[in-house]
Amino acid sequence: KNLINLLKIVEIRTKNGLKAPSVTKHFVFTGNPGTGKTTVARLLSQIYSSLGILSKGHMVEVDRSGMVAAYMGQTAIKVKEVIDKAKGGVLFIDEAYSLVDGHSGSFGDEAINTIVQEMENHRAEVVVIFAGYPDEMEAFLQKNPGLRSRIAFHVPFADYSAEELYDRVRAALNAGLKVILCVGEVLKERELGITAEVVRLQTKVALSGVSEAELANIIIAYEPVWAIGTGLTATPEQANEVCAVIRALIAELYTKDAADKFVVQYGGSMNDANAAELLAQYDVDGGLIGGASLVAEKFAAIVAAASK
């Protein structure tokens, strides 16, 4: 609210030819996948548009693959093209930390340096939001001295509790919506061997009070948090094992017939290279596709794999 009021004042003073403070509008969103970062970014673009700060209010979403080219020199061109598409709106860079390659002079460095330059060149035309895990984003911000100074707002997104998942499931069902409920463990929980317990608890609480008739409007996606946007993927056996745990719980909470009809998907870095093997598993009914859906050829290959 304070930010919006400040921006309103700046906009009014600017339109009336008065001196106005220079306000950096760029953000860093930190948190695990599924905590609402993308949704808030879309809302922010609409709010900025309604205030007259952005002319269009659209959002362009990219990750490393959308900015880094195969050859030195082409990355800068690619980044500038993305910035041009985002003018008048928000550029949402998901998994921004993946641009840090670990050595200087890399394609990732070229992308970061170009982004910093374009943020300054088009500061009145585009808002850039960098998103990712907290620790990794800190390393990202340290990569370029000019990056941190151009970002005014750091917004942390906390994980949803099982109770909060239930609230959202119930609200969506009451509104007549179909629900994709994402459940999954963090890496530490997998290492401790408590994946099944974690997923069962998340699922059981989220489905509290959901009738068998309402179950037809719900899909559950097993998304191990450690595999979302990291390039890591659960093995087909791991994915099938957890999807089977979810299906068994549905049978326990409802009926075997309901469990047999219920759709359980796998999400978490499913791509064109691993989709066929993952989708061939007995208890994996489909895939929840993230970054791979942004590249038409890769998404088409996943669809082809799912059609077999």
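The basis for the numbers below is simple: all heavy atoms, side chains too, and nothing from hydrogens, waters or symmetry mates. Note that this is a predicted model, so its numbers are computed, not measured.
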Student: Donor-acceptor check, side chain of H58 to backbone of K85, threshold 3.5 angstrom: yes or no?
Tutor: yes

Student: Only counting residues at least two apart or in another chain, list the ones meeting salt bridge (Lys or Arg N to Asp or Glu O under 4.0 Å) with K204.
Tutor: none

Student: With respect to I93, which candidate in V60, I129, I115 satisfies the side chain to side chain contact (heavy atoms under 4.5 Å, CB included) definition?
Tutor: I115

Student: Restricting to non-hydrogen atoms, name the atom on Y266 and the atom on V284 that form the minimum distance, rounded to 0.1 Å.
Tutor: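 Closest heavy-atom pair between Y266 and V284: CB-CG1, 4.0 Å.
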
Student: To the nearest 0.5 Å, what is the distance between CG (L207) and CD (Q202)?
Tutor: 11.5 Å

Student: What's the spacing between F140 CZ and T30 OG1 if we round to 0.5 Å?
Tutor: 13.0 Å

Student: My understanding is that only residues two or more places apart in sequence, or in another chain, count here; which of them pass salt bridge (Lys or Arg N to Asp or Glu O under 4.0 Å) with E138?
Tutor: R148

Student: Drop me the distance from C182's SG to Q265's CD, to the nearest 0.5 angstrom.
Tutor: 8.5 Å

Student: Please determine if E81 and K78 form a salt bridge, counting it only when a charged side-chain N lies under 4.0 Å from a carboxylate O.
Tutor: no

Student: Can you check whether N274's main-chain N or O pairs, donor with acceptor, with E277's side chain at less than 3.5 Å?
Tutor: no

Student: Would you say the side-chain atoms of E164 pair up with the backbone N or O of S161, donor to acceptor, closer than 3.5 Å?
Tutor: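 Yes, because the side chain of E164 sits within donor-acceptor range (under 3.5 Å) of the backbone of S161.
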
Student: Has the side chain of N113 got a donor or acceptor atom that lies under 3.5 Å from a matching backbone atom of D109?
Tutor: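 Such a contact is found between N113 side chain and D109 backbone.
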
Student: Any heavy-atom pair between the side chains of L173 and I218 that's under 4.5 Å?
Tutor: yes

Student: Please confirm whether the backbone N or O of L43 pairs with a side-chain atom of Q46, one donor and one acceptor, at under 3.5 Å?
Tutor: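 Checking the backbone N and O of L43 against the side chain of Q46, no donor-acceptor pair under 3.5 Å is found.
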
Student: Give a yes or no answer on whether the side chain of H26 reaches the backbone of V128 with a donor-acceptor pair at less than 3.5 Å.
Tutor: yes

Student: So does G31 get a backbone contact from the side chain of T35, meaning a donor-acceptor N/O pair under 3.5 Å?
Tutor: no

Student: Is it the case that the side chain of T233 and the backbone of S269 share a donor-acceptor pair, with hydrogens and angles ignored and the cut-off at 3.5 Å?
Tutor: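 The answer is yes, because a donor-acceptor pair under 3.5 Å joins these two groups.
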
Student: Listed by chain and number, what are the side chain to side chain donor-acceptor pair (under 3.5 Å) partners of R64, not counting sequence neighbours?
Tutor: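 R64 satisfies side chain to side chain donor-acceptor pair (under 3.5 Å) with D101 once adjacent residues are dropped.
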
Student: Can you tell me how far apart CG (L99) and CE (M67) are? Round to the nearest 0.5 Å.
Tutor: 4.5 Å

Student: Heavy-atom distance under 4.5 Å between the side chains of K25 and V126, does that happen here?
Tutor: no

Student: State yes or no: are the ring centers of F29 and F157 separated by less than 6.0 Å?
Tutor: yes

Student: Partners of K308 by side chain to side chain contact (heavy atoms under 4.5 Å, CB included), sequence neighbours excluded?
Tutor: none

Student: Listed by chain and number, what are the side chain to side chain donor-acceptor pair (under 3.5 Å) partners of Y222, not counting sequence neighbours?
Tutor: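 With sequence neighbours excluded, Y222 shows a side chain to side chain donor-acceptor pair (under 3.5 Å) to E185, R190, given in chain and number order.
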
Student: Sequence neighbours left out, what pairs pass side-chain hydrogen bond (donor to acceptor under 3.5 Å, both in side chains) with at least one residue falling in residues 249-258?
Tutor: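 Sorted result for residues 249-258: R200-E252, E212-T255, K256-D260, D257-K261.
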
Student: Let me confirm one number: the OG1-CD1 distance from T75 to I112, rounded to the nearest 0.5 Å.
Tutor: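 Output value for this atom pair is 11.0 Å.
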
Student: What is the distance from atom CG of L177 to atom CZ of R168, rounded to the nearest 0.5 Å?
Tutor: 14.0 Å

Student: Can you tell me which residue pairs pass the side-chain hydrogen bond (donor to acceptor under 3.5 Å, both in side chains) test with a partner in residues 279-291, sequence neighbours excluded?
Tutor: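 Non-adjacent pairs meeting side-chain hydrogen bond (donor to acceptor under 3.5 Å, both in side chains): R247-D283, R247-D285.
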
Student: According to side chain to side chain contact (heavy atoms under 4.5 Å, CB included), who are the partners of A273, at least two apart in sequence or on a separate chain?
Tutor: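 Partners of A273 by the side chain to side chain contact (heavy atoms under 4.5 Å, CB included) criterion, ordered by chain and then number, come out as N271.
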
Student: Does E136 have any side chain to side chain donor-acceptor pair (under 3.5 Å) partners at least two apart in sequence or in another chain, and if so, which?
Tutor: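 So E136 forms no side chain to side chain donor-acceptor pair (under 3.5 Å) with any residue.
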
Student: Hey, does the side chain of E118 reach the backbone of K80 with a donor-acceptor pair shorter than 3.5 angstrom?
Tutor: no

Student: Check side chain to side chain contact (heavy atoms under 4.5 Å, CB included) between E125 and all other residues, then give those that pass, not counting sequence neighbours.
Tutor: K87, H122

Student: Establish, yes or no, whether a centroid distance under 6.0 Å links the rings of F130 and F27.
Tutor: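 For F130 and F27, the ring centres are not under 6.0 Å apart.
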
Student: Sequence neighbours excluded, which residues qualify as ring pair (Phe, Tyr, Trp, His ring centres under 6.0 Å) partners of F92?
Tutor: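 Result, ring pair (Phe, Tyr, Trp, His ring centres under 6.0 Å) vs F92: none returned.
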
Student: Can you name the side chain to side chain contact (heavy atoms under 4.5 Å, CB included) partners of D167, sequence neighbours left out?
Tutor: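 Testing D167 for side chain to side chain contact (heavy atoms under 4.5 Å, CB included), a comparison that skips the adjacent residues, returns none.
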
Student: Check whether E163 reaches the backbone of V205 with its side chain - one donor and one acceptor, N or O, closer than 3.5 Å.
Tutor: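 Checking the backbone N and O of V205 against the side chain of E163, no donor-acceptor pair under 3.5 Å is found.
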
